[in-house]
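One structure below.
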There are 2 protein chains.
Amino acid sequence: MVRYDKGDVTISEAARRTACPIETIRYYERIGLVAPPPRNGKYRAYRPEDLARLGFIRRARELGFGLDAIRALLRLAASGSETCANMQMIAEIRLADIRARIADLAAMEHVLAETITRCEFGNDAACPLIEVLSQRVPLIYSPESSRRR
Amino acid sequence: MVRYDKGDVTISEAARRTACPIETIRYYERIGLVAPPPRNGKYRAYRPEDLARLGFIRRARELGFGLDAIRALLRLAASGSETCANMQMIAEIRLADIRARIADLAAMEHVLAETITRCEFGNDAACPLIEVLSQRVPLIYSPESSRRR
DNA sequence: CATACGGTCCGTAGCAACTCCAGACTCAAG
DNA sequence: CTTGAGTCTGGAGTTGCTACGGACCGTATG
């Protein structure tokens, strides 16, 4: 195991601290989402600021932001002025997306749960699920559901 | 436009009736999810049973079933015996997945909506979103949330 | 000193489920 | 005969990773 004298850490330690898998960290570097960290010999040596950026990215991913959106957020967070309104816009787009997905999923949940219940109570004729999937009429979605974005 | 005398239809008509995009229909054929339909000369001619299968697939996709699950559902629907219990199992797995995703999304929704609200009411110090994304503590998830499946 | 072991490196390929493109046809209407 | 719309095939691109193979590197142990 390689040792680093300063506060810098190996990639596996960076992965542990930021909860990003090693492969993902290297991936972020490849696509230019994070700058290549300095090297200790041949090995990457992550400084505190590198770890902070990776943590930022991971938390944004947990909120479902796409990598492009994260790029924008990072740029705004670095610019430091007038950022709040801009970040708010990005976050609101994301929030609308989340709500649309929840609505979609809730519609699915409703149909599936109802169908399964009909399965459990006497399946007199055909399997209700086959019926649902075979019928000609399309499934009903809640009106604000966004199937195609 | 090519004309078919029987009940068979062109791919664009099949797309219209099943609400599967043309490219997707050809994709399903490529991966063996649907059998190659007969040809009228060089063009695909979709029979009613082909349309039924495509419609089945599309409705299952709308309920969020993966293509592998759909393959299983189609096999069961075709076998015709003892299917209900098996299909129910597949549907229940899917339902559990939907519920887990809803829980994940609800957690995201909660954090984002709350943060945005803090943005709107006086941003005294820093942008709350930056704060959330920069803080060291990981976001709280509801306990039954399944981050990694 | 040799060597085994674990960590790291790089490049590439694969996943889901499409989606889009180029370039070549085919067919029917005007 | 030309025009235009539809169709064909094969392949590449999308998103966000994840896995793999084979080569190094550094340390601990025999």
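So that the names make sense, note that chain A is the first sequence line, chain B the second, and so on, each numbered from 1.
- Proximity of B:R26 to the phosphate of D:dT9: no side-chain N or O atom is located under 4.0 Å from OP1 or OP2.
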Can you tabulate the close N/O pairs, meaning under 3.5 Å, that link protein atoms to atoms of nucleotides 21-24 of chain D?
none

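- Judged by distance alone, with hydrogens and angles left aside, the side-chain atoms of A:R17 form no donor-acceptor pair with the main-chain N or O of A:G55 at under 3.5 Å.
- A:E49 has no carboxylate O lying under 4.0 Å from a charged side-chain N of A:R53, or vice versa, which leaves the two without a salt bridge.
- Residue A:T10 places none of its side-chain N or O atoms closer than 4.0 Å to OP1 or OP2 of C:dG7.
- Distances shown here put every side-chain N or O of B:R44 at or beyond 4.0 Å from the OP1 or OP2 atom of D:dT7.
- Between A:I31 atom CD1 and D:dT14 atom P the separation is 12 Å, expressed in whole Å.
- Nucleic acid contact class of B:F65 (heavy atoms, under 4.0 Å, all strands): none.
- Residue A:R39 is in sugar-phosphate contact alone, with no base atom involved, counting any heavy-atom pair closer than 4.0 Å across all strands shown.
- Side-chain N/O atoms of A:Y28 include one lying less than 4.0 angstrom from OP1 or OP2 on D:dC17.
- In this structure, A:L67 places its CG atom 12 Å from P of D:dT18, rounding to the nearest Å.
- Nearest nucleotide to the A:I11 side chain, out of C:dT8, C:dT19, D:dT9: C:dT8.
- A distance-only check finds no donor-acceptor pair linking the side chain of A:R47 to the backbone of A:L51 [under 3.5 Å].
- Considering only the side chain of B:I22, D:dT7 comes nearest among C:dA17, D:dT7, D:dC17.
- Salt-bridge annotation for B:E13 and B:R16: present, with a side-chain N of the basic residue lying under 4.0 Å from a carboxylate O of the acidic one.
- Mapping B:G41 and B:D68 onto DNA chain C by nearest heavy atom places B:D68 closer to the 5' end of the strand.
- For the side-chain contact (heavy atoms from CB on, under 4.5 Å) test, residues two or more places apart in sequence or in another chain that qualify with A:T24 are A:P21, A:Y28.
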